[in-house]
Each structure stands twice: as C-alpha cells, then as structure tokens.
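Just so we're on the same page: letters track the sequence lines, and every chain starts at 1. As a basis for the values below, the full set of heavy atoms in this structure was taken, side chains included, without hydrogen atoms, waters or symmetry mates. The structure presented is a predicted model; accordingly, all values stated were derived computationally and were not measured.
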Protein chains: 2
Amino acid sequence: MSDVAREAGVSLATVSRAINEPEKLSAEKLALVRAAVERLGYVPNLNAGSLASAGGKSRIVAAIVPTVANVVFSETVDALAQTLARGGYQLLLGQTSYRSGDEEGLVEAFLGRRVDGLVLTGTTQSASLRAKLKRAGIPVVQTWDLMDKPIDMLVGFSNFEVGRAAAEHLIARGHRGLGFIGAQEERSRQRLEGFRAGAAAHGVADVQAELILPPVDIADAGPRFAQMASRCPELNAVFCNNDMLAAGVVFECHQRGWAVPQRMAVLGLGDLPIARAAFPRLSTVEVRRGQIGTRAGQMLLSRLSGERSGADIVDLGFEVVTRAST
Amino acid sequence: MSDVAREAGVSLATVSRAINEPEKLSAEKLALVRAAVERLGYVPNLNAGSLASAGGKSRIVAAIVPTVANVVFSETVDALAQTLARGGYQLLLGQTSYRSGDEEGLVEAFLGRRVDGLVLTGTTQSASLRAKLKRAGIPVVQTWDLMDKPIDMLVGFSNFEVGRAAAEHLIARGHRGLGFIGAQEERSRQRLEGFRAGAAAHGVADVQAELILPPVDIADAGPRFAQMASRCPELNAVFCNNDMLAAGVVFECHQRGWAVPQRMAVLGLGDLPIARAAFPRLSTVEVRRGQIGTRAGQMLLSRLSGERSGADIVDLGFEVVTRAST
DNA sequence: TTGAAAGCGCTAACAG
DNA sequence: CTGTTAGCGCTTTCAA
C-alpha cells in the first residue's frame with residue numbers, strides 16, 4: 001500500500017480511503033490513486049484490513065459437512081455458498097468424512113481464523129464443543145436435524161418423523177413386509193427408529209434393515225437389497241435413505257423382473273432429480289436440502305448484520321410425495 | 001493474547017512460543033501458559049499470526065467451480081479438500097453457477113485474502129485474468145481440461161478426445177445412428193466436437209445433439225432423448241455427458257420397452273457409482289474426477305512447500321469402460 | 001530460556 | 001478533503 005501511496009504522491013490514509021470510501025475523496029486524488037493502483041497491480045490485503053478495523057470481521061463463514069461428495073450435502077453447501085456470496089461473505093469448507101471426532105479440530109481451526117459464523121451438520125456435538133462454540137460468541141447454525149436446545153440456531157427437520165411417515169405411507173398402501181436401507185450414521189439411524197415406531201404402531205413388528213458404512217456406494221444398493229429379500233421372502237416394500245439407493249433397488253428389480261410397485265414397492269428420500277427421471281417415477285420423502293443451506297445462510301446474514309432476528313429454530317418439515325413406485 | 005500473558009505472568013513472546021515452538025520453553029513456563037490458555041479459553045488469531053510472520057502465508061487455498069451441486073465437481077472438491085487438509089491447508093470455496101464472468105470477481109476477492117494457492121475449473125480464463133494471476137505470484141492449477149500454455153499448472157484430460165473415443169466406441173460396436181446429450185458449457189461442447197470428428201472419421205456425418213442449459217436437470221434426459229429419437233428414427237446409440245443423464249435415458253428406454261443396448265445403446269461419462277448400479281450396467285467413459293482434486297492438491301502442496309516439482313501439466317487421460325449398455 | 005521492541009498491512013480517530 | 005499517529009494481535013530479531 002505504501003508503494004501505491006508513493007507512486008500516487010499521497011498518504012497511506014488517502015489510499016485507504018480511495019479504496020474503502022471513495023466518495024470522501026476529491027476526484028483528483030481519487031484518480032491519482034486509482035491510476036497508481038492500476039499501474040502497480042495492487043490488491044489490498046483484506047486480512048490486514050480486518051485486523052485493523054474494529055471488530056475484526058473476516059467476512060468468512062465456515063461450514064462443516066460429512067462430505068460434499070454426497071449430493072444431499074453438496075446441494076446444501078451450494079445454496080449456502082450462494083446465499084452468503086450475495087451478502088458478501090465467503091465460504092470456508094470443512095469435511096469430516098463422517099469421522100465425527102474431526103469436527104472439533106475443524107471448529108478450532110475455523111475459530112482461529114476468526115470466521116464470522118459457522119454452520120454445522122447434525123445436532124450431536126459434544127458438550128465441550130458446544131461450550132467452546134458458545135464462548136466464541138459467533139452465530140452458529142446446526143442443520144439437518146431438530147433438537148430442543150441448539151447451540152445457537154437450528155434449521156432442519158425431524159429425521160425420526162421422516163422415518164415414521166415413510167412406514168405409514170408404505171403400510172397405508174398395503175405393504176407390510178417392510179425393509180429399510182440406510183447408512184451407519186446419526187440421521188439415518190434416527191429415521192430407522194421412526195420407521196420402526198411407525199411400523200409397530202400398525203402392528204408390523206418385524207422390519208428388515210441394512211445399514212451401510214459410509215461413504216455409501218450406490219452400487220451397494222442392489223446387493224444389500226438382494227440380501228434382505230432372500231432373508232425375508234415376504235419383503236414387499238423398502239424405504240431407501242436416499243433416492244440414489246432407491247434407483248439402485250429399482251434397477252435390481254428390473255433385473256429380477258420384479259414389477260415395481262406390484263412385487264416390490266420402493267420409497268426414496270430427498271426428491272433428487274433422479275426420482276423424477278426414474279421409471280417408474282419414484283415416490284420419495286422430500287426434504288428441502290437446498291432450503292437448509294439458504295435458510296442457514298439467511299439466518300447467519302441477518303445475525304451478522306446486527307438484526308436480532310426472529311425464530312432461531314426453524315423446522316423445514318418434509319413431505320411424502322407419492323409417485324409410481326409405491 | 002496479552003490477557004494470557006498477564007494471567008500466566010509471562011511476556012507476550014513467551015505465550016507466542018508456547019503455542020508455536022513449545023520445545024523452546026522451560027517445562028515450567030510452558031505449563032503456566034497452557035494453564036492460562038485453558039482457563040481463559042484463548043484461541044490464537046491465525047490472521048494476525050500470518051500477518052506478522054514472514055511471507056504472510058494464510059494456509060488457505062481457494063477453489064472455483066461452476067457448482068458443487070454437480071457430482072462431478074463435488075467429488076473433485078471433496079478430494080481436493082481432503083488432500084489440502086492433510087497438508088494443513090483449508091479450502092475456500094467459490095462458485096460461478098456457470099456464469100464465467102463471475103470468475104474474475106471471485107479471484108479478486110481470494111487474492112485479497114492472500115490465499116496461498118488457487119484451483120480453477122476449465123482453461124478458458126480471460127487474458128486479463130491470466131495476467132492478474134501471474135502477477136499474483138501464487139501457484140495456480142487449472143483443471144478439467146487440457147491446454148498448451150497454462151497459467152501455471154494444469155491437471156485434466158482432453159475433452160475433445162473423450163468425445164472422439166466415445167464415437168469410436170459406439171461405431172466399433174456397430175451403432176451408426178449417433179446422438180449426443182450434453183450441456184451448454186465449455187467442456188461439453190469440446191466433447192461434442194470430438195464426438196462429431198470421431199463420427200465423421202468413420203463416415204457418420206450426421207450426429208444428433210441436445211445441449212441442455214445448466215444447471216442440468218437429470219429429469220430432462222428422458223424428454224430430450226425422446227425428442228432426438230422422434231426427430232431421427234434411425235437413432236440407435238447416445239453418448240450422454242454424464243452417467244446420471246445416461247441413467248435417465250435407460251429409464252426412458254425401460255418405459256418404452258426398448259431393449260438396451262439392442263434397440264438403443266447408451267454410453268455414459270464419469271463412471272459414477274450409478275453406472276455400476278444401473279441395469280443394464282452402464283458402459284461409460286471413466287474420467288478421474290477425484291484424481292483431479294487429489295493431484296491438484298498435491299501439486300499445490302509441493303509447490304507451497306518450496307519444492308520445484310516436476311511436471312506442471314498432467315494429463316490424467318480417460319478410459320472407455322465397456323459394460324452392458326453398449 | 002526469556003523479554004523488549006519493532007514491525008506485518010491496514011484502518012481510524014484526530015488534527016489541520 | 002488530507003495527512004499524522006496510534007494501534008489491531010501476533011511473530012521475530014536482538015539482548016539480557
């Protein structure tokens with residue numbers, strides 16, 4: 001910056017003003033500085049700027065997800081990044097690869113960078129992490145599930161209820177040989193519990209379940225489904241924990257010549273594009289994964305702009321959309 | 001930090017050392033400082049640190065992709081983030097939403113943050129952007145395509161050759177009524193050119209093409225395919241620019257009762273998990289999207305650690321994998 | 001081994 | 001409208 005000042009023959013403060021509050025400068029000096037900036041290819045150091053300016057805001061928000069390689073999270077991240085970008089914030093990405101122990105280290109690193117806000121996936125942070133976050137005093141939003149006492153803010157839906165609704169949907173359509181294909185992971189387990197509860201409430205005590213160790217490979221869907229089917233001949237409906245898995249099961253049914261939904265009903269989760277591209281069209285539980293990112297971003301933004309906004313807990317809900325596969 | 005110093009009864013320098021070079025402190029003082037840090041919940045400000053320390057490295061690398069919501073890029077980003085994390089770097093994410101004009105603004109912002117490195121998607125940056133990047137003097141790696149004179153480093157494969165190979169594969173297997181479904185986007189266009197060239201080389205002059213405006217919705221695959229098929233009754237093989245699209249086409253064929261590949265051959269791109277989950281199993285052009293991220297990360301890391309490493313251009317190639325759908 | 005002091009690149013009063 | 005002077009929170013000589 002001092003190079004620019006010298007080149008333009010003005011003081012440091014003037015250069016700073018030319019960049020941050022150009023309206024407070026004479027046209028003459030402004031032009032001088034701009035020319036010098038141009039000539040030197042000067043790019044202001046934002047870090048130094050935020051260090052010096054009051055509050056030291058970094059204009060960076062960090063997000064932690066299991067992996068962005070999973071569509072469900074990548075769409076949340078996409079929406080979040082877009083929302084933040086509109087507010088002038090940038091996104092620092094952290095991935096745990098489903099190792100929940102990694103979360104604390106990531107948070108620590110982000111806090112060290114003085115991120116202005118944080119979005120977390122899930123609601124099962126350790127007590128020490130919760131405490132650390134509260135002490136940090138920055139807005140935090142947990143996502144993808146619900147709970148009573150969030151660290152700060154929360155946007156998600158009830159995975160347990162999703163499971164229950166899935167069971168009820170399947171039973172209402174006359175299927176009682178129920179199966180569940182999911183992941184060995186928090187939210188999937190919650191859905192399985194809900195699924196079992198929903199089934200039990202209608203007198204279906206036995207539910208087949210296959211939990212895949214993340215990262216879930218869609219190609220596992222077929223084999224896992226095959227296992228369940230041979231273990232339990234009366235199986236006639238499966239709830240897959242994402243539409244990709246469901247598509248895999250549908251393909252497996254095609255291969256076996258099993259009619260969907262007559263011989264086997266298949267219910268997905270997410271309402272991914274493939275649900276509408278599959279044949280038959282997939283019935284699915286729609287969850288607003290994009291909305292999660294958008295809302296999380298908005299909540300952060302309004303908090304960061306000083307608004308003491310309204311709801312700190314938003315339940316986005318979900319919807320069972322019935323198409324042709326159930 | 002001064003709070004910690006006071007609390008521990010030592011100087012600022014000692015606190016700094018306790019954090020960055022604990023081996024150079026007496027066990028006594030070290031314990032003192034650590035206790036104070038613990039008691040106060042102190043988190044060192046990394047920004048201030050990098051400002052003060054020579055070189056001012058931020059330990060942040062930025063990546064710009066069209067969108068992380070597209071599997072192909074999300075896997076690259078996933079791999080990149082993981083690789084960088086292992087080297088102690090974090091990832092700042094920028095999305096253009098396919099608006100290539102947004103790229104320059106993002107770069108500007110990242111440069112302002114003094115990121116230590118940058119990874120770009122594609123090779124079609126404007127001259128002014130190229131110049132800016134070169135002047136910035138940080139390692140830059142372009143990805144997802146090939147070119148002769150990259151800004152700095154490059155890791156990708158030839159999209160043109162992918163297209164050509166796809167055409168040759170299809171023709172070799174006896175299909176001559178060729179179609180192409182892709183996106184209105186740089187790399188997809190390159191593949192179409194290659195596809196046409198490959199077809200022409202074997203005397204197939206007429207190639208049907210459908211280019212979808214991004215973001216590509218998989219549910220468009222069926223309708224687009226239907227259009228092509230009705231426009232050109234002799235169509236008997238389509239090359240889809242990603243496996244999702246290909247799965248969509250396969251579903252459409254199921255629906256029409258068209259046997260794949262007998263009535264219609266379907267070739268995908270990417271070798272996504274769904275290619276092995278589909279029925280019939282999808283033939284596809286495998287491109288190493290994870291590798292792109294990993295290699296880009298490694299190249300950056302080795303450059304950042306001072307190694308004057310070897311190849312600055314790496315061609316990852318691709319492979320046509322023949323399964324059951326062609 | 002530890003501390004004092006001088007910055008890193010920039011912003012923010014405060015004068016002028 | 002513009003320049004001077006302190007810092008922001010930390011690291012790093014240089015002495016002690």
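Side chain of A:Ala48, nearest nucleotide from C:dT2, C:dA12, C:dG9: C:dG9. Listed nucleotides C:dC10, D:dT12, D:dG3 differ in distance to B:Ala13; the shortest reach to its side chain belongs to D:dT12. Set against D:dC10, C:dA12, C:dC10, the side chain of B:Ala52 has D:dC10 as its closest nucleotide. Relative to the side chain of B:Ser26, the nucleotides D:dT11, D:dG3, C:dT2 differ in distance, and C:dT2 lies closest.
Atom C1' of nucleotide D:dT2 and atom CD of A:Glu28 are separated by 12 Å, given to the nearest angstrom. With rounding to whole Å, A:Glu21 atom CD is found 10 Å from C:dA13 atom P. Following rounding to the nearest Å, A:Arg113 (CZ) and D:dC8 (P) show an atom-to-atom distance of 22 Å. Rounded to an integer number of Å, the gap from B:Leu12 CG to D:dT13 P is 17 Å. In this structure, the NZ atom of A:Lys57 is 17 Å from the P atom of D:dC8, given to the nearest Å. For the pair B:Glu23 CD and C:dT1 C1', the computed distance is 13 Å after rounding to whole Å. Rounded to a whole Å, the CE atom of B:Met1 is 15 Å from the P atom of C:dA5. Atoms NZ (B:Lys29) and C1' (C:dT2) sit 7 Å apart, rounded to a whole Å.
In this structure, the side chains of A:Val141 and A:Thr143 come closer than 4.5 Å at one or more pairs of heavy atoms.
OP1 or OP2 of C:dT2 has not a single side-chain nitrogen or oxygen of B:Lys24 nearer than 4.0 Å. Between A:Asn20 and the phosphate of C:dT11, there is a side-chain N or O to OP1/OP2 separation shorter than 4.0 Å. Taking only side-chain nitrogens and oxygens, A:Ser11 comes nearer than 4.0 Å to OP1 or OP2 of D:dG3. OP1 or OP2 of D:dT11 lies within a sub-4.0 Å distance of a side-chain N or O belonging to B:Ser16.
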Please enumerate all protein N or O atoms sitting under 3.5 Å from an N or O of nucleotides 14-16 of chain C, with distances to 0.1 Å.
none

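Shown here is B:Arg295, whose CZ atom has no more than 12 heavy atoms of other residues, nucleotides or ligands within 6.0 Å. More than 12 heavy-atom neighbours from other residues, nucleotides or ligands sit within 6.0 angstrom of CD on B:Glu21. The environment of B:Arg113 atom CZ is dense: over 12 non-hydrogen atoms of other residues, nucleotides or ligands sit within 6.0 angstrom.
Between B:Asp152 and B:Lys134, no side-chain nitrogen of the basic residue sits less than 4.0 Å from a carboxylate oxygen of the acidic one, so the salt-bridge criterion is not met.
Under the ring pair (Phe, Tyr, Trp, His ring centres under 6.0 Å) criterion, B:Phe110 pairs with no residue, sequence neighbours left out.
A donor-acceptor pair is defined here as one N or O able to donate and one able to accept, closer than 3.5 Å; no such pair exists between the side chain of A:Ser16 and the backbone of A:Leu12. The backbone N or O of B:Gln184 sits nowhere less than 3.5 Å from a side-chain atom of B:Ser188 that would complete a donor-acceptor pair. Here the side chain of B:Asp102 pairs no donor or acceptor atom with the backbone of B:Pro66 at under 3.5 angstrom.
A:Val15 comes within 4.0 angstrom of no nucleic acid atom, judged by non-hydrogen atoms across all strands.
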Next on the checklist: Test side chain to side chain contact (heavy atoms under 4.5 Å, CB included) on B:Tyr98 and B:Thr67; report intermediate values, then the result.
Outcome noted: CA-CA 7 Å; B:Tyr98 292 99; B:Thr67 163; 3.6 Å; yes

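If you check residues 37-46 of chain B against DNA chain D, the residues with a heavy atom closer than 4.0 Å are B:Tyr42, B:Pro44, B:Asn45, listed by number.
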